[in-house]
Amino acid sequence: MLSILKSKIVRTASTSSEIKDGIEERKMRSTIRKMMSQQEKKVECVSEIVLTFGKEETELFAMDSLVAQNEGMPYFRRCSKEIGKHHQIVIWMRSSTAQSGFITELKVGHAISAHHLFINGRDYGLLPILHERMKGDQRDEPTACLWYKKDTASLTAIDDIAVSYTRKDEQILRKENYEKLPTNLEELGLAPAYLWIRRVKRTSIPNTTKDVTRMKTELKDCTSMLAKDPHDPILRAMVSKMRKRIRFAQAEEDVRTKCNPTDPLLYAKEFLALTTSEIDRLRSSFGRIPSSRSGYISLQDFCRYVGEKDALVPFIRHVFKLSGANAATDKSASDCLDFGTTVKAIACYCMLGVEEILQSIFSLRDHKDQGSISNRDFLDVLSMFHSRHCGRTTRALRGLDLPEAGKMSFGRLQHLHTSFPHLLFPAFRLQEAIQRRFLGCKWWQRKQRKFYEIKETIRRDDGTATRPN
């Protein structure tokens, strides 16, 4: 009788565990599918740049581009502001999703070699964009040349080009993460303006909000052209098509927003398929951090709670920033991290693999996503990681083969980590320390295994499973 009762208890416990695992797997599968669908959306960047000179050439080029767009062919879009001083000069961009065609670098210089602003871009692997009417052959014509590069090894690419005339223009562009090219175009015989470029990561999720803004600008241009010729069938079809594209993009943005909850606790709950009891355990751990009675903690308190020294606070701040914690990006607001924000940062960092942790270290100094950091920045990171042995670390690093050019790529960082794993070990130690304090290392190891197993199962089911090398 006793053995039968024990057998029933074991079967009941086993069934309960299977149900719990099934619920967890179902939730994680749903979340992973959402994430993968977002990652599969292709990034669109500038692949070709054209300059038009004069009103007649610009209008003909604009019409040809509109026709191409209406026929579903690759087309050019114009820069929102012109750059001509005595003539109409417009920059046109064609975008593509083909990664090999992305323009990754852009410079502007004088077209005459004797001038101090002349750039021989070929020395840097760049190719020229030079209009026949911009060589300075005539007195009132500019002497300007654009130089571009398509580097497939670059982690970033240019997705837009803009022009600024005023300080207000510059403020707006800086807020939108544009980077200013140093040369004043007026010195090249153009308008008193500056060129700006915006870089994006090749693996970024497309920002459909900015796409909608751009499409609305194109719609405005088409509508103004249609007002001049209201019976033009091509323009009428273009306006109708653009309105449909805008509605579609807005609907897509709504879906994207739903896939990425703004509530950090909800994000962590969905991402990790957390149960109520697991959230209670996380809340209990959070409650043991000094100052948490107020509902908020500081980065210093968090750092000390997981057993790290204050020297690591800048990196922990970066970890919170990567997870989307706005408060952590401002040092004056670093005492305002609530439970949800903390749990989201923990969830994001504790689920990272080796390469992803290395990327988080690299991005700490690669502020503009240029795909490189200086040797000095790398040494600063190591000094932060090894603050107790700063002098000893510096002496040891003299024997390292750092890049002679003074800049280090992510690939070089990976190579150094493989050869000298102790250099960046504190970032991995931090992950383990957080895991130990929140839910335990075994819990996170099981969750990581399950996450990657489900991800591979989805890829295999969809026919996109990664093949072994």
Side-chain angles (χ1 to χ4, degrees), residues 39-51 74-80 83 91-109 111 117-131 144-164 173-174 176-183 185 194-207 210-211 214 355-356 358-375 377-378 403-415:
Q39 291 168 356
E40 285 167 3
K41 292 186 178 179
K42 293 182 178 179
V43 178
E44 192 175 83
C45 288
V46 177
S47 60
E48 192 174 348
I49 299 170
V50 169
L51 298 169
Y75 67 95
F76 286 87
R77 56 185 174 88
R78 66 188 294 164
C79 191
S80 58
I83 59 172
I91 298 174
W92 298 83
M93 297 160 276
R94 175 185 280 172
S95 296
S96 168
T97 57
Q99 297 264 343
S100 60
F102 288 174
I103 292 177
T104 56
E105 194 64 50
L106 187 68
K107 295 182 182 295
V108 59
L117 290 176
F118 173 76
I119 297 174
N120 188 356
R122 289 187 174 87
D123 291 345
Y124 306 97
L126 304 173
L127 295 173
I129 302 169
L130 180 61
H131 195 282
C145 181
L146 297 179
W147 295 89
Y148 73 94
K149 185 177 184 179
K150 296 181 178 182
D151 183 2
T152 54
S154 174
L155 296 177
T156 61
I158 297 170
D159 84 323
D160 197 24
I161 302 170
V163 176
S164 70
L173 291 171
R174 281 198 180 92
E176 294 183 0
N177 298 319
Y178 283 80
E179 175 187 331
K180 184 180 180 181
L181 301 188
T183 304
L185 298 181
Y194 287 89
L195 287 184
W196 295 68
I197 58 174
R198 183 175 62 201
R199 302 177 192 271
V200 295
K201 291 183 180 178
R202 289 177 180 267
T203 55
S204 295
I205 297 171
N207 190 328
K210 289 176 181 174
D211 288 343
R214 190 179 72 195
E355 184 176 341
E356 293 162 326
L358 292 177
Q359 286 175 340
S360 70
I361 297 169
F362 191 78
S363 64
L364 175 65
R365 291 293 181 172
D366 186 20
H367 304 297
K368 295 182 179 179
D369 294 329
Q370 294 181 336
S372 65
I373 60 173
S374 69
N375 291 349
D377 284 336
F378 177 67
E404 293 182 4
K407 286 187 176 290
M408 178 183 296
S409 66
F410 177 67
R412 183 62 181 157
L413 182 86
Q414 287 179 299
H415 176 73

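Heavy-atom basis, side chains included; hydrogens, waters and symmetry copies ignored.
Between Y194 and L181, the shortest heavy-atom distance links the atoms CD2-O, 3.5 Å. The minimum heavy-atom distance linking S95 with E44 is given by the pair CB-CG, 3.6 Å. The two atoms that bring G121 and W147 nearest to each other are CA-CE3, 3.5 Å, heavy atoms only. Counting all heavy atoms, side chain and backbone alike, S360 lies closest to S363 at O-OG, 3.0 Å.
Going from atom CD1 of I49 over to atom CD1 of I161 covers 3.5 Å, rounded to the nearest 0.5 Å. Separating the CG atom in D159 from the CZ atom in R198 is a distance of 4.0 Å, to the nearest 0.5 Å. Distance check, rounded to the nearest 0.5 Å: CD1 of I103 to CD1 of I197 gives 10.5 Å. The distance from atom CG of L106 to atom CD1 of I158, rounded to the nearest 0.5 Å, is 5.0 Å. The OG1 atom of T156 sits 8.5 Å away from the CD atom of E179 when rounded to the nearest 0.5 Å. Here the straight-line distance linking atom CZ of F102 with atom OH of Y148 works out to 15.0 Å at 0.5 Å rounding.
In this structure, the ring-ring contact (aromatic ring centres under 6.0 Å, His included) partners of F76, at least two apart in sequence or on a different chain, are F61. Among residues two or more places apart in sequence or in another chain, the side-chain contact (heavy atoms from CB on, under 4.5 Å) test is passed with S96 by S47, A98.
For the pair R199 and E105, the salt-bridge criterion is met [side-chain N within less than 4.0 Å of a carboxylate O].
No donor-acceptor pair closer than 3.5 Å links the side chain of W196 to the backbone N or O of L173.
Remark: Y124 OH is loosely packed, at most 12 non-hydrogen atoms of other residues, nucleotides or ligands lying under 6.0 Å away. More than 12 heavy atoms of other residues, nucleotides or ligands shown are found within 6.0 angstrom of NZ on K150.
Checking each of V200, T104, D160 against C45 for a side chain to side chain contact (heavy atoms under 4.5 Å, CB included) leaves exactly one that passes, namely V200.
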